[in-house]
2 protein chains.
Amino acid sequence: MSESDTLTLILDAAQDLIQRLGANAMSYQHLSEAVDIRKASIHYHFPTKQDLIEALIDRYHAYFIGLVDRIIAEESDPVRMLDRYMGLFEATLREGKHDKACLCGMLGAELASLGEDAVRNLRRFFKESQDRLAAILKLGRDAQVFRFDGDPAAVAGLIFAALEGALLLVRADGGVKRFRILADELRRLVAA
Amino acid sequence: MSESDTLTLILDAAQDLIQRLGANAMSYQHLSEAVDIRKASIHYHFPTKQDLIEALIDRYHAYFIGLVDRIIAEESDPVRMLDRYMGLFEATLREGKHDKACLCGMLGAELASLGEDAVRNLRRFFKESQDRLAAILKLGRDAQVFRFDGDPAAVAGLIFAALEGALLLVRADGGVKRFRILADELRRLVAA
DNA sequence: GTCTATAGCGCGATAGAC
DNA sequence: GTCTATCGCGCTATAGAC
């Protein structure tokens, strides 16, 4: 944890910039200032910007899905699972000095600027994140701690879109306080 | 309607580009090709890019809120109002050849790149859109065609975030078909 | 109101020394 | 693995002719 090799520092700086500003507003120049290294040196680690973005998506995917899987493994109560799942989004928003959106939510908005490999991996992130959420919802309904009609995947799609949308929108107004109100509504949505 | 003066053509082209690619990927060069005019001529109408973006937000705000107000005025059934409100988002997604996000949702993602005037007007758009939605929800609950607990504004915030998030996400996977599934879940969420 | 021409900068990327 | 130096391009924006 907290590796400080150059490659990791570049990834960290790039992720921070994209989550705040978007991929199209993130440049090698910004990175070189954040990491205190020359622009050309960044190209040694990531020949093209697409390479960098793809590496970022892969790392974020592994990190996020890993956290979700740990939540599912650690908790027995689906209500707690959902709380902690939503907590991951709130933690993203709060981490660092400025409000941050989800890396993949931001890249999803800028989808048309990405290469096809990046888009494919982005889709994978969205699918697996929603599949995990659907599994949690199904567990909870089977255990009768959640109540909702229809397909767990459809409800998961709604909750996921609301969480991603909220991260992008509350940065304009209301911040984390507003996010929490929204999360409360989501809890109510599936409450038994 | 359908004015074809240069200024309107520029606004139309800029809005299309931003809804598909984002503001940071939209350039005067792209606009000049879309409108078939020289780059410099665009600066006559909109001296800076910030001016153009502010004008776009103002126009979109007036257009969208105008449509919502018409829906509220024309319909007597809140269920129909909500259907048509969500229909505005679906229409945005479908209009033109490629899937489009909400102009303001996209700009919300790129918030940090915008000037403070643009941010203020963006906030106004979000607030008024959600206030109208909250009013529809309250009407429906009073008329007992909707059922939900708590503050209509909180539920409106959830629905609005889900709709904006959905527009951004379904472009990666599922498109309008997936949007409709999500809209169905939202209907169910408040159904009496 | 639109044009040509251009300034001035930041961008992604590469070559080659160390 | 990091550096200096540089290329070539696209960007926003301006000056001035028509």
Side-chain angles (χ1 to χ4, degrees), chain A residues 2-57 59 103 106-107 109-119, chain B residues 3-57 59 106-107 109-119:
Chain A
S2 84
E3 303 179 47
S4 66
D5 54 304
T6 304
L7 189 134
T8 304
L9 289 174
I10 295 169
L11 285 171
D12 290 345
Q15 182 172 326
D16 175 71
L17 284 167
I18 294 179
Q19 288 185 278
R20 291 191 290 113
L21 313 176
N24 289 325
M26 180 273 287
S27 73
Y28 276 50
Q29 184 59 47
H30 292 134
L31 290 177
S32 87
E33 286 157 19
V35 181
D36 197 30
I37 198 180
R38 301 295 99 200
K39 267 199 306 176
S41 308
I42 301 175
H43 284 281
Y44 169 79
H45 299 280
F46 303 99
T48 72
K49 200 175 170 181
Q50 283 301 321
D51 292 329
L52 172 53
I53 291 174
E54 280 169 33
L56 271 177
I57 297 173
R59 188 179 75 150
L103 176 76
M106 191 64 96
L107 292 175
E110 293 177 308
L111 192 78
S113 309
L114 304 181
E116 59 178 21
D117 280 7
V119 171
Chain B
E3 303 178 49
S4 65
D5 54 304
T6 305
L7 190 134
T8 302
L9 289 175
I10 294 169
L11 286 171
D12 290 345
Q15 182 171 327
D16 176 73
L17 284 167
I18 294 180
Q19 288 184 278
R20 290 191 292 113
L21 313 176
N24 289 325
M26 179 271 290
S27 73
Y28 277 50
Q29 184 59 49
H30 292 135
L31 290 177
S32 87
E33 286 157 18
V35 181
D36 197 29
I37 197 180
R38 300 296 99 201
K39 270 198 302 176
S41 308
I42 302 174
H43 284 282
Y44 169 80
H45 298 279
F46 304 100
T48 73
K49 201 174 167 181
Q50 283 301 320
D51 293 328
L52 172 53
I53 291 175
E54 281 169 34
L56 271 177
I57 296 174
R59 189 179 73 150
M106 190 65 95
L107 292 175
E110 293 176 308
L111 192 79
S113 309
L114 304 180
E116 58 178 19
D117 280 8
V119 171

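Every heavy atom of this structure was used, including side-chain atoms; hydrogens, water molecules and symmetry mates were not. Here is how names work: the chains are called A, B, and so on, in the same order as the sequence lines, proteins then strands, and each is numbered from 1.
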Which pairs would a plain distance check flag for residues 111-118 of chain B, meaning a side-chain donor or acceptor within less than 3.5 Å of a matching protein atom at least two apart in sequence or in another chain?
unit_1: B:S113; atom_1: OG; unit_2: B:N24; atom_2: ND2; d: 3.2
unit_1: B:D117; atom_1: OD1; unit_2: B:R120; atom_2: NH2; d: 2.5

Check: Can you tell me how far the CE atom of A:M26 sits from the CE atom of A:M106, to the nearest 0.5 Å?
Finding: 11.5 Å
Checklist line | Span of DNA chain C in contact with chain B (heavy atoms, under 4.0 Å) | finding: C:dG1 to C:dA5
Checklist line | Distance, nearest 0.5 Å, that separates NE2 of B:H43 from CG of B:D51 | finding: 10.5 Å
Notebook entry, point to check: Hey, does B:L52 have a side-chain heavy atom less than 4.5 Å from the side chain of B:L31?
Noted result: yes
Next item on the list: Return the minimal non-hydrogen interatomic distance between B:L56 and B:L11, and the atom names on each side.
Entry: CD2-O, 3.4 Å
Next item on the list: Specify the residues of residues 23-42 of chain B, ordered by number, for which at least one heavy atom lies under 4.0 angstrom from an atom of DNA chain D.
Entry: B:M26, B:S27, B:Y28, B:Q29, B:H30, B:K39, B:A40
Margin query: Using every non-hydrogen atom in the two residues, find where A:I42 and A:S32 come nearest and quote the distance to one decimal.
Written below: CD1-N, 3.7 Å
Side-chain donor/acceptor pairs under 3.5 Å, residues 13-22 of chain A, sequence neighbours excluded:
unit_1: A:Q15; atom_1: OE1; unit_2: A:R59; atom_2: NH2; d: 3.0
unit_1: A:Q15; atom_1: NE2; unit_2: A:Q19; atom_2: OE1; d: 3.3
unit_1: A:D16; atom_1: OD1; unit_2: A:K100; atom_2: NZ; d: 3.0
unit_1: A:D16; atom_1: OD2; unit_2: A:R20; atom_2: NE; d: 3.2
unit_1: A:D16; atom_1: OD2; unit_2: A:R20; atom_2: NH2; d: 3.0
unit_1: A:Q19; atom_1: NE2; unit_2: A:A101; atom_2: O; d: 2.7

Notebook entry, point to check: B:Y28 side chain to B:R38 main-chain N or O, any donor-acceptor pair under 3.5 Å?
Noted result: no
Checklist line | Distance, nearest 0.5 Å, that separates NE2 of B:H45 from CG of B:D5 | finding: 8.0 Å
Next item on the list: Can you pull out how bent the helix from C:dG1-D:dC18 to C:dC18-D:dG1 is, comparing the axes over its first five and last five pairs, to 10°?
Entry: 0°
Checklist line | Partners passing ring-ring contact (aromatic ring centres under 6.0 Å, His included) against B:F46 (at least two apart in sequence or in another chain) | finding: none
